[in-house]
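What follows is a single structure, written as structure tokens, with notes after it.
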Amino acid sequence: PVKKPVLISTWNHGLPANEEAWKTLKNGGSGLDAVEAGVMTAEADPKVSSVGYGGWPDREGKVTLDACIMDHQSNCGSVAFLQDIKHPISVARKVMEKTPHIMLVGEGAKQFALEEGFKEENLLTEDAEKAYREWLEKSEYKPVINIENHDTISMLAIDENGDLYGACTTSGAAWKVHGRVGDSPIIGAGLFLDNEVGSAAATGLGEAVMRTSGSAMVVELMRQGKSPMEACKEIVERIYKIYKNRPDLEYLQIGFIALNKQGEYGAYCLRPGFNYAVYDEKDGNRLIDGEYKIS
Ligand code: SD4
């Protein structure tokens, strides 16, 4: 049997996220504390242009954030189209813990965050603004595949007791239409878990994940007996089938990570370039390249 805890996170920025989450667990934090603290490292890092502070804006130059969090008892919290708050994952957790609801969006989400004591701040960094100015010259909508090896950060955790937790946070697709919400704050799309079976999370083009209820499907396939990797692969193939004759295949990248109740993990993506970070007692914290379908 696999020794728990095990953490798995998307992309290069998964390494510092895992580090922080592991530390949180070792200091007596819960699995929920761990995934929250983990993904907060990417939210706070101005160099990560796809999450939180420093994220690339929409086509109006606004940074709008999506995030969700889920625990072993199927408690969930989510925020979407949230502006001016640096840690959407923490707002999502408050939605989960302090309201009878799961999801708050836009102005309402911001108002709730301010009432909960979060600070209003400008999230558009100089670098992000510069990227935006450059984009404006052509104003062409084409998501960048594997943006400098980071995109959405999703983290899945199984704690010592075998309980599952997950978190997901992003600034969404750069240059999106103002008001666009992706898969990342949608329970079942960007993140899903069932404490009896396993957990899954997505990164990449949110529209493709939403069209297929991606993460929920990965968990369902694990319930039917597939390994985490086989389950991720089957959904990537399903997405490819839908997209293979569509013009947007050109900029489609999709990756799933999954962790089952036994602590076994796996991942699969559409194109090369996706990697994920795994942390366990035996092998420590390391990056693994995702297996992919097409080059
Ligand atoms: C989203 N999955 O909002 C996120 C991240 C992304 O291109 O920007 N993908 O779709």
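Order of appearance sets the numbers: ligands from 1, and atoms from 1 within every ligand.
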Where ligand 1 meets S184 - atom numbers and elements under 4.0 angstrom, heavy-atom basis: 2 (N), 4 (C)
Would you say the side-chain atoms of T64 and Q83 include a donor-acceptor pair closer than 3.5 Å? no
Consider every N or O of A173 and every N or O of ligand 1, then say whether any pair is closer than 3.5 Å. yes
Please find out if less than 6.0 Å separates the ring center of F81 from that of H178. yes
Say whether Q253 and ligand 1 are in contact under the criterion: heavy-atom distance to a ligand atom below 4.0 Å. no
Side chains of N285 and E19: any donor to acceptor distance under 3.5 Å? yes
Please report whether ligand 1 has a polar contact with T152, defined as an N or O pair separated by less than 3.5 Å (distance criterion only). yes
Using a plain distance cutoff, I'd like to know if T170 has any nitrogen or oxygen under 3.5 Å from a nitrogen or oxygen of ligand 1. no
Should the pair D280-R286 be classified as a salt bridge under the 4.0 Å nitrogen-to-oxygen rule? yes
Taking only heavy atoms of G172, which atoms of ligand 1 are found under 4.0 Å from at least one of them? 3 (O), 6 (C), 8 (O)
Side-chain donor-acceptor pair present, Y243, R238, cut-off under 3.5 Å: no
Option passing side chain to side chain donor-acceptor pair (under 3.5 Å) with D84 (candidates K119, K110, K62): K110
Nitrogen or oxygen of G204 less than 3.5 angstrom from that of ligand 1: yes
Ignoring angles and geometry beyond distance, decide whether D183 reaches within less than 3.5 Å of ligand 1 through its nitrogen or oxygen atoms. yes
Under 4.0 Å, heavy-atom basis, I'd like to know which part of D66 is in contact with ligand 1: side chain, backbone, both or neither. neither
Any idea which protein heavy atom is nearest atom 3 (O) of ligand 1, and the distance to it? R180 NH1, 2.6 Å
Is it true that S171 and W56 share a donor-acceptor pair across their side chains at a distance under 3.5 Å? no
